[in-house]
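Before any comments, here is the structure.
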Number of protein chains: 2
Amino acid sequence: MNRQLIQFDLPYVVFLGDITDDAYAKTGLGLVQWRRDGCSGQVRLAGCSVDAGVPDLDVEQAVRLGVRSLIVGSAAVGGGMPAGWVATLCDAAAAGVDIVAGLHVRLASLPGLADAAARGGARLIDVRVPPPGLPVGTGRKRMGRRLLTVGTDCACGKKYTALALNQEMRRRGLPSDFRATGQTGIMIAGRGIPLDAVVADFITGAAELLSPDNDADHWDMVEGQGAIFHPGYLQVTVGLLVGSQPDAFVVCHDPLRTHIASWPDFLLPTIAQVIERTVQVGRLTNPAIRCVGIALNTSKVPAAERPALLARYAGEFGLPCVDPIQNGVGPIVDRMLQEFTA
Amino acid sequence: MNRQLIQFDLPYVVFLGDITDDAYAKTGLGLVQWRRDGCSGQVRLAGCSVDAGVPDLDVEQAVRLGVRSLIVGSAAVGGGMPAGWVATLCDAAAAGVDIVAGLHVRLASLPGLADAAARGGARLIDVRVPPPGLPVGTGRKRMGRRLLTVGTDCACGKKYTALALNQEMRRRGLPSDFRATGQTGIMIAGRGIPLDAVVADFITGAAELLSPDNDADHWDMVEGQGAIFHPGYLQVTVGLLVGSQPDAFVVCHDPLRTHIASWPDFLLPTIAQVIERTVQVGRLTNPAIRCVGIALNTSKVPAAERPALLARYAGEFGLPCVDPIQNGVGPIVDRMLQEFTA
């Protein structure tokens with residue numbers, strides 16, 4: 001185990017509290033979707049009407065089943081954590097179950113939870129908090145292959161695409177790992193580094209730790225962050241790019257967006273601009289870096305128009321273009337393997 | 001006063017401890033060189049043979065003179081802080097003098113110092129620690145002009161050049177401020193943000209705070225950090241560049257360096273590459289960004305060869321090329337004003 005990654009043990013239960021709206025359980029529902037194999041069930045309190053479709057368990061049952069981690073998968077309306085939720089977390093921690101959450105407050109600051117964890121020998125894992133002792137990036141070439149998802153903006157499918165690529169590789173029996181750089185990704189993967197919370201000097205070094213040396217034919221599918229033309233966050237993107245030293249990248253794009261979301265004075269860059277700049281910057285640590293596909297988010301495009309839209313982008317760039325949710329990412333994996341298999 | 005900048009009050013005394021080697025007093029000696037006007041004197045302990053050339057004072061005398069800040073300008077051999085030094089800091093803090101330092105440990109962790117500061121109503125200011133509550137960068141255009149020093153590598157004159165540009169502007173009676181992004185710069189300027197210690201998401205926002213709206217003809221001379229082709233630190237450089245939205249930049253360069261210092265696998269980029277990439281990235285928040293000069297560090301070049309070397313670079317790039325220490329930066333200020341005066 002690398003102590004410089006956040007890491008937690010399986011199996012887990014997802015804790016949903018007493019919420020009644022799926023929108024507040026995005027983390028928990030995504031977690032169960034992508035990490036069904038390690039999931040023993042859900043812990044729901046009286047009144048909860050959201051259902052992740054896994055067995056209902058109380059803390060005692062979870063402990064009997066050998067559950068190692070309880071992951072907080074809901075946000076309470078209003079942001080704080082209700083006393084009833086905290087009481088359940090305390091019960092689990094006192095029984096030796098690690099508590100995992102991406103809250104704005106530290107888990108240890110919740111009333112009674114640090115004591116309960118000490119009694120039970122449980123860990124409190126805040127996935128927003130980077131591990132201490134991160135190194136500075138070295139730029140040293142590592143063994144194995146890496147793919148990074150990048151985007152024309154934030155929130156346009158980078159995490160989903162990396163997860164889908166990893167799933168497709170494993171479906172084909174090929175060696176691959178998803179490398180998480182944000183809190184939801186870390187919960188899904190069970191390990192990772194929340195890159196946006198790392199101190200500036202150590203972003204490249206954190207990215208290097210995240211995708212270490214591996215077998216020559218092994219692929220790391222690295223979850224991208226920010227966007228390389230983003231006026232607030234490009235530094236995270238650039239550090240992740242240079243530290244990951246990817247062989248390949250995929251551009252994620254929302255075809256209906258015209259401006260950077262929440263930055264209305266900034267036009268969305270074109271896919272061509274993102275490809276060009278990503279290659280320019282990425283060459284510093286991987287001179288052979290290249291784009292192997294485009295992932296479009298077509299959720300707001302009428303279904304009848306989607307095939308023509310995908311075909312148009314594919315033709316324009318000479319690259320496979322898919323909507324990962326609608327079509328899967330098979331053509332991108334095909335292209336990636338074709339480009340990088342001797 | 002902007003609470004999101006580190007900021008301390010003048011006049012100050014520089015504390016040199018009991019060291020006997022100038023190399024351990026680089027911070028203190030540089031401070032007195034650049035900030036002689038706010039300096040009331042030096043506090044030296046028995047046995048100290050380093051001399052900053054300002055009046056010797058003890059803490060009692062400093063207090064009588066109205067000194068507001070004591071700045072730790074020496075590093076003890078071995079790294080820790082000797083008990084005799086701490087005792088002097090405690091005396092000053094108990095008398096109401098703010099203590100300013102860039103130590104690896106927090107000032108508040110030194111024995112007795114937090115108590116002394118509480119008794120005296122003094123602040124303990126760690127210049128390595130960024131202020132809380134930094135925002136995300138907005139990319140919004142600000143009034144006033146900005147110049148950023150960049151480099152082909154770290155440690156090649158970015159701080160010195162920005163200080164020299166600011167000094168030359170003020171000598172001419174023109175409105176200018178030095179904007180500090182590192183701990184020594186912050187001590188010299190009396191304010192700033194240690195950019196390398198800021199959390200990744202907030203680098204652009206910190207850079208925006210550092211050079212706020214100003215008069216149309218006012219220049220901020222922003223101290224650069226890292227280097228845009230540096231495999232460990234480029235993310236800091238890129239965030240500072242986009243957040244500073246500079247109109248002009250100066251490239252600092254050591255003509256005898258062939259590789260990135262301490263990264264022997266990375267060739268030093270050329271000045272032309274640094275200009276091109278800085279313009280490409282900087283355009284995001286300032287489409288008119290341009291290079292206005294080159295600052296060479298010729299300290300290791302034989303004196304007889306320097307003029308020809310400077311002339312060669314000046315000719316190659318069509319830009320003023322100076323060694324700020326040997327020649328001053330007058331020609332760069334001339335060019336900058338010529339380019340940006342209507």
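Put simply, the side chain of A:Arg140 never gets that close to the backbone of B:Asp265: no donor and acceptor are under 3.5 Å apart.
For the atom pair A:Thr204 OG1 and B:Tyr233 OH, the distance stands at 8.0 Å (nearest 0.5 Å). Atom OG1 of B:Thr237 sits about 11.5 Å away from atom CD of A:Gln235, to the nearest 0.5 Å.
Per-residue counts of heavy-atom pairs under 4.5 Å with chain A were compared for B:Leu195, B:Thr285, B:Ile203, B:Val236; the largest is that of B:Ile203. Chain A forms the most heavy-atom pairs under 4.5 Å with one residue out of B:Asp201, B:Ile260, B:Val199, and that residue is B:Asp201. The candidate from B:Leu241, B:Leu234, B:Val238, B:Leu240 with the greatest count of non-hydrogen atom pairs under 4.5 Å with chain A is B:Leu234.
Using a 4.5 Å cut-off on side-chain heavy atoms (C-beta onward), A:Val242 and B:His230 make no contact.
Shown here for B:Pro231 and A:Gly139, the closest heavy-atom pair between the two residues is CB-CA, 4.1 Å. The shortest heavy-atom contact between A:Leu284 and B:Phe266 is O-CE2, 3.3 Å.
With a 4.5 Å cut-off on non-hydrogen atoms, A:Gln280 touches chain B through its backbone and its side chain both.
Remark: A:His259 NE2 is packed, more than 12 non-hydrogen atoms of other residues, nucleotides or ligands lying under 6.0 Å away.
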